[in-house]
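To find a chain, count down the sequence lines: A is the first, B the second, and so on, and within it residues start at 1. Side chains are part of it too, since the values below use all heavy atoms of this structure and drop only hydrogens, waters and symmetry mates.
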Amino acid sequence: MLGRGAGGAVVLRELAADGSVLEERTRAVQELPSLVAELEAAHRPRWVWSDAAAWYPRLLAAGVTLERCHDLRLVHRILRHSDLVTEPGPLREATGWDTPLEPEEPRRDLGATLFDLDARPSAAHGVPDGIEETCAELERQLSAIAGAEDPTRLRLLLAAESAGALIAAELQTAGIPWDVAEHDRILTEALGPRPSPGTLPAQMVQVAAEVRTALGDPTVSLDSPPKLLRALHRAGIDVSSTSQWELQEHEHPAIEPLLRYKKMSRLLTANGWAWMDEWVSEGRYRPVYVPGGVVTGRWASSGGGALQIPRRLRPALRADPGWRLVSADVSQLEPRVLAAMSHDGEMIAAGAGKDLYSGIVEAGVVASRQEAKVGVLGALYGGTTGDSGRVVPRLRRTFPEAMALVDGAAATGERGGTVTTWLGRSSPAPEPGWVQAQRSANGPEAASGEQERARRSARDRGRFTRNFVVQGTAAEWALSWMAALRLRLAQLPEVAPDERADASGPVFSRRAHLAFFLHDEVIVHAPADQAEAAAAAIRESADAAGRLLFPGSPIDFPLDLTITERSAEK
DNA sequence: ATGGTAGGCGCG
DNA sequence: AAAGCGCGCCTACCAT
């Protein structure tokens, strides 16, 4: 266990399995990496600390990686809400362990403040990290886990979540190998050459002129939705917003160039040259990942937009010379997870060894893959209208167990209840105001408008809980996948770093490492002669994750996997 | 000037 | 208004 001691020192406390203290040492923070490395090599312990985001980057910067940890902050957030926890003790009260997930300012200067205790993100947002409070929190958590309804399952979740905390820090340290020249080429092709600051790229200027001509309005601003909307109305285009999906329903010479302008504008403002200058350095894009940042357990990102990189920029993701990108994504992760959770034999069979949507077509439920996809998404999201509304009832007949699971989750949510993922993450309880509004809308004096609002709000919540169990369990599968993969990659031998690969820092320039994660997709950056081994590790880890979560289930999780030098747009 | 919100759009 | 989930980020806009 690591915690802060008096005078800025770090206390390292070794605990036995029964919680008794074996040994305690106090060290200056500069001495921490070497001591931790020594103990890691000797014992492979589970490191307990307040917050991996606070402790681990400095160890990584010193070249130290760890196998396992227990992240008190992330674990607390799960235990605090989990319905599996029957003896929560003080865990459900608001404490410093429930602080916001992310630092106020994304930290992109890991080197500068590496050994500056007060600059640590935890200090900034108040996670307690003194050794005694760290120890006390661990005791509370262990006791809550031991008393839980299904401690084995919960422990899987907590271990996976903590592994995710290690992985997120490692991803940021390693960075994504990013080809600035290719990025610039894509921008230049789409927008024209990089303009001087404060001016628009040439091709955007030209397209904007086309739009203004077609609208018969030489000065209208295309970047202000209200002004643009009025100009559209003046030109006889009857839209209620300026969004692309509404615009494309209309016939007018201004529409096509306007949609083109919007695409260009989006690319420039979200991932243009300014983004490149801010987020890419030394051939690495280093976004900030926020494990557990989404209520369902998915990761979020903070700064750099790691989870929103547009597909058209994917070719800028390029392996170092002599290295490869091994990319893999899971086909239809969420419906497969649902099939396994609900033991729906028909749905498991539809996806067995092939594309699940095609399997649904072959089962005779719908005529086309597109229908199958829209229907399944409607089932997961609670769609009631249009194409998905038409298909969902048929899915309900063919896949009764799967549909009963999500329908049940929706019904629970509508009643104000909480739902729980496969491994034990529960949805937050509704706000007291929500419960009150539902109660009063059901009372005898409720106005019809109030009733309608309350019903809509109940249905909204039902769609949230419906999706929560599936999205959350899929996130658990993905964490388990990455956790297994990380350990397998660590078994691959180190190689001699070349000059360019040094950009990954002292640890990851010498070995295959995770470089990117996006909900159901990973990219490993590996030396070329280890690419096949890395691919095998990715596959084995996916199988392992399936067996870990759903032992004995015939469910499979097929991957699309490629080994390339440059990421494909797809 | 600063801060919060909404529109819009990128990702799964 | 994307028919139906979860996010983050940019800009314009309006309140303070």
Residue pairs passing the ring pair (Phe, Tyr, Trp, His ring centres under 6.0 Å) test where at least one lies in residues 375-408 of chain A, sequence neighbours excluded: none
Please list, chain by chain and in numerical order, all residues satisfying side chain to side chain donor-acceptor pair (under 3.5 Å) with A/Q471, sequence neighbours excluded. A/T296, A/N467
The criterion is side chain to side chain donor-acceptor pair (under 3.5 Å); which residues satisfy it with A/R396, sequence neighbours excluded? A/D407
Determine, for nucleotides 1-9 of chain B in 5'-to-3' order, which nucleotides have protein heavy atoms under 4.0 Å from the base (write B), from only the sugar-phosphate (write S), or from neither (write -). -------BB
Mind calculating the distance between CG (A/L267) and C1' (B/dG10) to the nearest angstrom? 11 Å
Check DNA chain B against residues 197-218 of chain A and give the residues with a non-hydrogen atom under 4.0 Å, in numerical order. none
Salt bridge (Lys or Arg N to Asp or Glu O under 4.0 Å) partners for A/R369, two or more places apart: A/D355
For residues 465-479 of chain A, which residues have at least one heavy atom under 4.0 Å from DNA chain B? A/Q471
Protein-nucleotide distance (A/F516, atom CZ; B/dG12, atom C1'), rounded to Å: 10 Å
Near DNA chain B, under 4.0 Å by heavy atom, which residues of residues 385-415 of chain A? none
Listed partners of A/W273 passing side chain to side chain donor-acceptor pair (under 3.5 Å), at least two apart: A/D184
Side chain to side chain donor-acceptor pair (under 3.5 Å) with A/Q451: which residues, sequence neighbours excluded? none
Any ring pair (Phe, Tyr, Trp, His ring centres under 6.0 Å) involving residues 195-235 of chain A? Give me the pairs, sequence neighbours left out, ordered by first then second residue. none
Please convert DNA chain C into dot-bracket. A pair counts if it is Watson-Crick or G-U wobble with both distances under 3.5 Å; crossing pairs go in [ ] and bases paired with another strand get |. ....||||||||||||
